[in-house]
Amino acid sequence: MNIYIMRHAEAENTLGDDQHRSLTPDGLRDIELIARWIAQQGIKFDAIIASPYKRAQQTAQALKEHLHSPVTISTLALLTPHGSATDVHDYLDGILAVKPWNNVLLVSHMPLVSYLTEKMSVENVAPLFPTASVLHIDYSVERMNGSVAAHISPERLAH
């Protein structure tokens with residue numbers, strides 16, 4: 001199965017509450033580039049699970065709209081910037097034990113997206129994630145880990 005880990009798109013820099021930051025126009029354009037790449041790969045998500053923070057919810061919703069996906073976006077409180085990668089990994093393995101999903105998208109934040117990659121991949125590396133980038137893990141439910149298959153960013157797609 002395939003797990004896609006995505007960092008939210010670019011959000012406004014405000015001094016207010018971090019949870020309520022909105023996406024910028026550039027962030028919305030980056031989502032369109034990523035959605036185009038996902039569509040070209042023929043990826044159809046069985047589940048989209050997002051952080052409760054506004055910018056992650058907006059990222060998941062915009063991506064869903066660009067992909068014309070019928071999937072419902074689920075919200076997971078564990079996916080906040082300083083959430084536990086171990087807890088998210090355990091949660092996901094529990095879900096995957098009963099759901100026959102092939103493609104799951106997690107939309108979250110730095111540093112959690114890096115720690116999730118480290119926790120869930122055999123490479124045990126915590127890569128940096130530019131905003132709106134997506135990392136693909138070819139995941140084994142039986143082994144509860146997988147290999148990094150791709151790491152795509154809007155910057156790479158724009159060239």
Side-chain angles (χ1 to χ4, degrees), residues 1-89 91-92 95-96 99 101-121 126-137 139 148-159:
M1 68 115 8
N2 302 289
I3 296 176
Y4 297 87
I5 300 171
M6 182 177 192
R7 181 180 179 195
H8 64 80
E10 181 182 271
E12 59 193 10
N13 290 320
T14 61
L15 299 175
D17 185 359
D18 184 47
Q19 295 180 35
H20 296 97
R21 291 172 43 213
S22 293
L23 296 182
T24 65
D26 286 344
L28 291 168
R29 279 191 295 277
D30 288 347
I31 294 168
E32 189 173 355
L33 285 171
I34 290 293
R36 197 173 309 133
W37 177 83
I38 289 169
Q40 289 169 349
Q41 305 307 305
I43 301 164
K44 304 269 191 243
F45 293 116
D46 300 302
I48 298 174
I49 306 170
S51 158
Y53 285 24
K54 184 175 184 177
R55 61 191 179 274
Q57 290 285 317
Q58 288 177 324
T59 297
Q61 186 62 43
L63 189 67
K64 175 185 165 167
E65 289 170 8
H66 283 297
L67 294 172
H68 308 290
S69 175
V71 118
T72 300
I73 298 168
S74 301
T75 301
L76 181 62
L78 297 171
L79 289 174
T80 58
H82 299 290
S84 164
T86 299
D87 290 349
V88 173
H89 188 198
Y91 172 85
L92 196 54
I95 292 282
L96 295 174
K99 301 267 187 184
W101 290 338
N102 292 316
N103 297 297
V104 176
L105 174 67
L106 303 175
V107 182
S108 189
H109 314 264
M110 280 292 288
L112 183 61
V113 290
S114 289
Y115 297 147
L116 279 172
T117 301
E118 180 180 37
K119 180 63 86 179
M120 299 174 77
S121 67
L128 293 177
F129 273 71
T131 54
S133 64
V134 177
L135 185 135
H136 169 204
I137 298 176
Y139 195 78
V148 173
H151 192 177
I152 304 302
S153 68
E155 293 82 17
R156 286 181 54 198
L157 296 173
H159 297 294

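One finds the CZ atom of Phe129 at 9.5 Å from the OG atom of Ser108 (value rounded to the nearest 0.5 Å). Between the NZ atom of Lys54 and the OG1 atom of Thr59 there is a distance of 12.0 Å, given to the nearest 0.5 Å. To the nearest 0.5 angstrom, Gln61 atom CD is 10.5 Å from His66 atom NE2. Atoms CG and CG, on Leu33 and Leu157 in that order, are 6.0 Å from each other to the nearest 0.5 Å. A distance of 9.5 Å separates CZ in Phe45 from CG in Leu106, rounded to the nearest 0.5 Å. Atom CD1 in Ile31 sits 5.0 Å away from atom CG in Leu23 (nearest 0.5 Å).
Here the closest heavy-atom approach between residue Leu128 and residue Pro130 is recorded as O-CD, 3.7 Å. Across every non-hydrogen atom of Ala132 and Asp30, the tightest pair is CB-CB, 3.8 Å. Here the closest heavy-atom approach between residue Val107 and residue Ala60 is recorded as CG2-CB, 4.1 Å. Summarising the geometry of Gly27 relative to Ala9, their closest heavy-atom pair is O-CB, 3.4 Å, with the distance given to 0.1 Å. The minimum heavy-atom distance between Arg21 and Ala11, with the atom names listed, is NH2-CB, 3.6 Å. Heavy-atom minimum distance, Val148 versus Ser121: CG2-CB, 3.9 Å.
The closest donor-acceptor contact from the side chain of Asp46 to the backbone of Asn103 lies under 3.5 Å. In this structure, Arg55 contributes its side chain and Asp18 its backbone to a donor-acceptor pair below 3.5 Å.
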Please report the C-alpha distance between Leu79 and Leu116 in whole Å, then the side-chain angles of each, then the deciding distance to 0.1 Å, and finally whether the side-chain contact (heavy atoms from CB on, under 4.5 Å) criterion is met. CA-CA 10 Å; Leu79 289 174; Leu116 279 172; 4.3 Å; yes
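No side-chain heavy atom of Ser84 sits less than 4.5 Å from a side-chain heavy atom of Leu78. A heavy-atom distance below 4.5 Å is found between the side chains of Ile5 and Ile137. Side-chain atoms of Ile43 and His136, non-hydrogen and from C-beta on, never get closer than 4.5 Å to each other. A 4.5 Å side-chain heavy-atom check between His151 and Ser133 finds at least one atom pair inside the cut-off. A heavy-atom distance below 4.5 Å is not found between the side chains of Ile49 and Ile95. With contacts defined as side-chain heavy-atom distances shorter than 4.5 Å, the pair Leu105/Ile38 does not qualify.
Within 6.0 Å of OH on Tyr115 lie no more than 12 heavy atoms contributed by other residues, nucleotides or ligands.
Ionic pairing of Asp87 and Lys119 is not present here: no N-O contact between side-chain nitrogen and carboxylate oxygen is shorter than 4.0 angstrom.
Using a 3.5 Å distance cut-off with no hydrogens or angles, the side chains of Ser51 and His109 do pair a donor with an acceptor.
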